[in-house]
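If you read the sequence from its start, that first residue is 1, and numbering goes on from there. Keep in mind it's a predicted model, so treat the numbers as computed, not measured.
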Amino acid sequence: MKFIQTLLIILLIFFGLRILFRLLAPYIMRYIAKKAGERFQNMAQGYSSRNQSPKQEGETVIEDVPRREQTSNKNVGEYIDYEEID
């Protein structure tokens, strides 16, 4: 009898939490979406304010200097051209 009572209590708690979550899920999702929107808006404002530095007309500004990559090493070895024999 005690086992059935424990099982019923566990099922009651499980279904109660399920119903409660269904009722609260829209509010939770709305809160999460609102916070994410605020975070993206703050990131966009920070990016736009950082890029709007006062520049005179005709001024050239180089922000990133591209790195030169080595094309090849001339001391690799000898090139051998093979021919296929039938």
Side-chain angles (χ1 to χ4, degrees):
M1 191 66 179
K2 209 61 154 152
F3 175 72
I4 294 173
Q5 185 180 5
T6 306
L7 190 62
L8 287 175
I9 290 173
I10 291 173
L11 287 175
L12 183 66
I13 292 172
F14 174 73
F15 286 116
L17 288 176
R18 230 174 121 181
I19 292 170
L20 186 65
F21 183 71
R22 281 191 181 177
L23 292 174
L24 295 178
Y27 299 109
I28 294 170
M29 295 300 286
R30 193 175 304 138
Y31 176 77
I32 291 172
K34 181 180 172 183
K35 286 295 181 182
E38 289 174 1
R39 186 177 302 152
F40 284 127
Q41 187 175 11
N42 289 339
M43 288 174 53
Q45 287 175 351
Y47 180 75
S48 64
S49 67
R50 187 176 59 198
N51 282 343
Q52 293 178 353
S53 60
K55 298 176 187 172
Q56 295 179 358
E57 187 176 337
E59 180 180 351
T60 304
V61 177
I62 300 174
E63 293 179 359
D64 293 332
V65 179
R67 295 182 182 172
R68 287 186 168 191
E69 295 186 23
Q70 294 181 346
T71 55
S72 67
N73 189 355
K74 299 295 182 184
N75 298 327
V76 172
E78 183 178 335
Y79 177 75
I80 300 173
D81 188 20
Y82 292 98
E83 288 186 21
E84 188 174 328
I85 301 174
D86 292 324

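For L20, the CG atom is densely surrounded, since the number of other residues' heavy atoms within 6.0 Å is greater than 12.
Taking K35 as the reference, Y31, E38 meet the side chain to side chain contact (heavy atoms under 4.5 Å, CB included) condition, with sequence neighbours excluded. Every residue meeting the side chain to side chain contact (heavy atoms under 4.5 Å, CB included) condition with R22, not counting sequence neighbours, appears here in chain and number order: R18. Annotation: side chain to side chain contact (heavy atoms under 4.5 Å, CB included) contacts of I13 (sequence neighbours excluded): I9, L17.
Other residues sharing a hydrophobic cluster with L23 under the 4.5 Å side-chain heavy-atom criterion for ILVMFWY residues are I19.
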